[in-house]
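Below is one structure, written out as structure tokens; comments come after it.
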Amino acid sequence: MDGNGRWAKARGLPRMMGHRAGVEALKTTLRLCSDWGIGALTAYAFSTENWSRPGDEVNFLMTLFERVLQRELEALESEQVRIRFLGDLEVLPAGLQELIADATERTAGNTGIHFNVCTNYGGRRELVLAAQKLAQRAVRGELDPTLIDENIFAAELFTAGEEDPDLLIRTSGERRISNFLLWQLAYAEIHVTDVFWPDFDEVTFTQALVDYQSRCRRFGGLEPIAVNHLGS
Ligand code: FPP
């Protein structure tokens, strides 16, 4: 969700107003995904590197997450959204952790779109944690290291049980992966738009999907092997 700060700056507003507007863009995108039958939406809300921002911005974001969760939980429940937070959640403020646990539990049985919010998430950290968990199982004699394959490894990631994303959308013209879903994005198509995240809407989302539909996905082979239908 890049470009919140620059969106605000361009309007002579404080950066925090950009994050507030970013929440509205996220709600719109989630609703569009849900309406259009997309199986999962994963948003990068706060990275392990974002702690290096000024304290007042970090505090604002943590409070914003809490307020949004409190305000939107009923709607998420009634719209059958299953929400999960991916990342190292133990270091988040205690009140936010409680809200996350409550929202996760209350929506766990929902049958609609999977909405994943990466919070204190880092792709490298996720891979290191997975390696640690597998090593611990091996030390306990529960796992033969020679049997570790991609499926066993993926089952230790925060995204366990999720399909890999088909499409990565990067806003504000950035052309980097920025430590996001390093394992899971192996074969994702990448769409870059210059639009700042708060301006991301039905038109720009449709452009991203049309771009995606034009891709020929061969997964390293010679023949296209997938219809470009966004099932997840
Ligand atoms: C990146 O823009 C955006 C963020 C670090 C925060 C995004 C968070 C939200 C929109 C809130 C979502 C809330 C919930 C509960 C899911 P930036 O600050 O890097 O913008 P810049 O690149 O223009 O400085």
Side-chain angles (χ1 to χ4, degrees), residues 1-34 40-77 79 81-89 91-93 95-107 110 112-123 125 158-159 168-181 192-201 204-205:
M1 297 186 282
D2 292 302
N4 290 349
R6 280 164 284 167
W7 179 92
K9 194 173 171 208
R11 286 160 179 75
L13 298 168
R15 293 178 55 81
M16 321 299 175
M17 296 301 284
H19 295 314
R20 270 208 193 122
V23 172
E24 296 311 308
L26 184 57
K27 282 167 60 181
T28 302
T29 307
L30 178 62
R31 188 151 295 126
L32 289 170
C33 287
S34 180
L41 173 68
T42 302
Y44 205 173
F46 194 89
S47 74
T48 45
E49 290 74 31
N50 285 151
W51 295 107
S52 65
R53 294 189 176 205
D56 60 346
E57 181 165 346
V58 170
N59 291 340
F60 177 88
L61 282 169
M62 295 298 148
T63 307
L64 184 68
F65 296 156
E66 289 184 12
R67 292 219 177 112
V68 172
L69 262 184
Q70 277 166 333
R71 203 175 58 211
E72 304 296 335
L73 184 55
E74 260 180 47
L76 294 172
E77 279 188 295
E79 289 172 31
V81 176
R82 194 207 68 177
I83 191 168
R84 282 206 300 174
F85 285 76
L86 313 183
D88 239 339
L89 306 178
V91 297
L92 298 175
L96 178 56
Q97 286 189 52
E98 280 168 32
L99 287 166
I100 287 174
D102 184 45
T104 307
E105 195 190 312
R106 277 168 59 178
T107 64
N110 283 358
I113 188 168
H114 293 183
F115 179 36
N116 302 312
V117 185
C118 290
T119 313
N120 193 25
Y121 173 88
R125 176 89 185 128
F158 295 128
T159 48
L168 169 70
I169 299 175
R170 188 93 212 229
T171 53
S172 84
E174 303 292 359
R175 284 166 168 77
R176 294 183 294 274
I177 302 289
S178 294
N179 207 11
F180 187 52
L181 300 178
V192 175
T193 170
D194 287 335
V195 160
F196 292 146
W197 174 251
D199 287 331
F200 193 77
D201 60 8
T204 42
F205 190 23

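What you see is a predicted model; the values in this text were computed from it and never measured. Both counts, for ligands and for their atoms, begin at 1 and track the order of listing.
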**OP:** Measure the distance from atom 20 (O) of ligand 1 to every protein heavy atom, then report the residue, atom name and distance (to 0.1 Å) of the closest one.
**Re:** G5 N, 3.0 Å
**OP:** Indicate, as side chain, backbone, both or neither, the part of L26 found under 4.0 angstrom from ligand 1 when only non-hydrogen atoms are considered.
**Re:** side chain
Subject >> Top protein contact for atom 19 (O) of ligand 1, by heavy-atom distance >> reply: R53 NH2, 2.8 Å
Original post:
Above 12 or not: heavy atoms from other molecules or residues under 6.0 Å from CZ of R15?
Top reply: yes
Subject >> Nitrogen or oxygen atoms of W197 and ligand 1 under 3.5 Å apart >> reply: no
Original post:
Parallel, tilted or perpendicular: which describes the rings of F46 and F65, with under 30° parallel and over 60° perpendicular?
Top reply: perpendicular
Subject >> Shortest protein heavy-atom distance from atom 2 (O) of ligand 1, along with the residue and atom involved >> reply: M1 O, 3.3 Å
Original post:
Can you check whether N50 has an N/O within less than 3.5 Å of an N/O in ligand 1?
Top reply: no
Original post:
Rounded to the nearest 0.5 Å, how far apart are CZ of R84 and OG1 of T119?
Top reply: 12.5 Å
Original post:
For the residue pair G22 and N4, what are the closest heavy atoms and their distance?
Top reply: CA-OD1, 4.0 Å
**OP:** May I ask whether E174 has any heavy atom positioned less than 4.0 angstrom from an atom of ligand 1?
**Re:** no
Original post:
To which protein heavy atom is atom 22 (O) of ligand 1 closest, and what is the distance rounded to 0.1 Å?
Top reply: R6 NH2, 2.9 Å
**OP:** Considering the heavy atoms of G3, write down every atom of ligand 1 situated less than 4.0 Å from one of them.
**Re:** 2 (O), 20 (O), 21 (P), 22 (O), 23 (O)
Original post:
If every non-hydrogen atom of P93 is compared with every non-hydrogen atom of M62, which pair is closest and at what distance?
Top reply: CD-SD, 3.8 Å
**OP:** Quick one: closest heavy-atom pair of C33 and L41, and the distance?
**Re:** SG-CD1, 4.1 Å
Original post:
If you measure from CD1 on I83 to CZ on F115, what distance do you get to the nearest 0.5 Å?
Top reply: 5.0 Å
**OP:** Give the residue and atom name of whichever protein heavy atom lies nearest to atom 6 (C) of ligand 1, and the separation in Å to one decimal.
**Re:** A45 O, 3.3 Å
**OP:** May I ask you to list the atoms of ligand 1 that are less than 4.0 angstrom from any heavy atom of V23?
**Re:** 10 (C), 11 (C)
Original post:
Would the number of heavy atoms belonging to other residues, nucleotides or ligands and lying under 6.0 Å from CZ of R11 be above 12?
Top reply: yes
**OP:** Pick one of side chain, backbone, both or neither for how R15 approaches ligand 1, counting any non-hydrogen atom pair under 4.0 Å.
**Re:** side chain
Subject >> Test item, F65 contacting ligand 1 (heavy atom, 4.0 angstrom) >> reply: yes
Original post:
Taking 4.0 angstrom as the limit, do R176 and E49 come out as a salt bridge?
Top reply: no
Original post:
Against heavy atoms of V68, which atoms of ligand 1 measure under 4.0 Å?
Top reply: 15 (C)
Subject >> For V117, atoms of ligand 1 separated by under 4.0 Å from a heavy atom >> reply: 16 (C)
Original post:
Atom CG in L181, atom OH in Y121: separation rounded to 0.5 Å?
Top reply: 4.0 Å
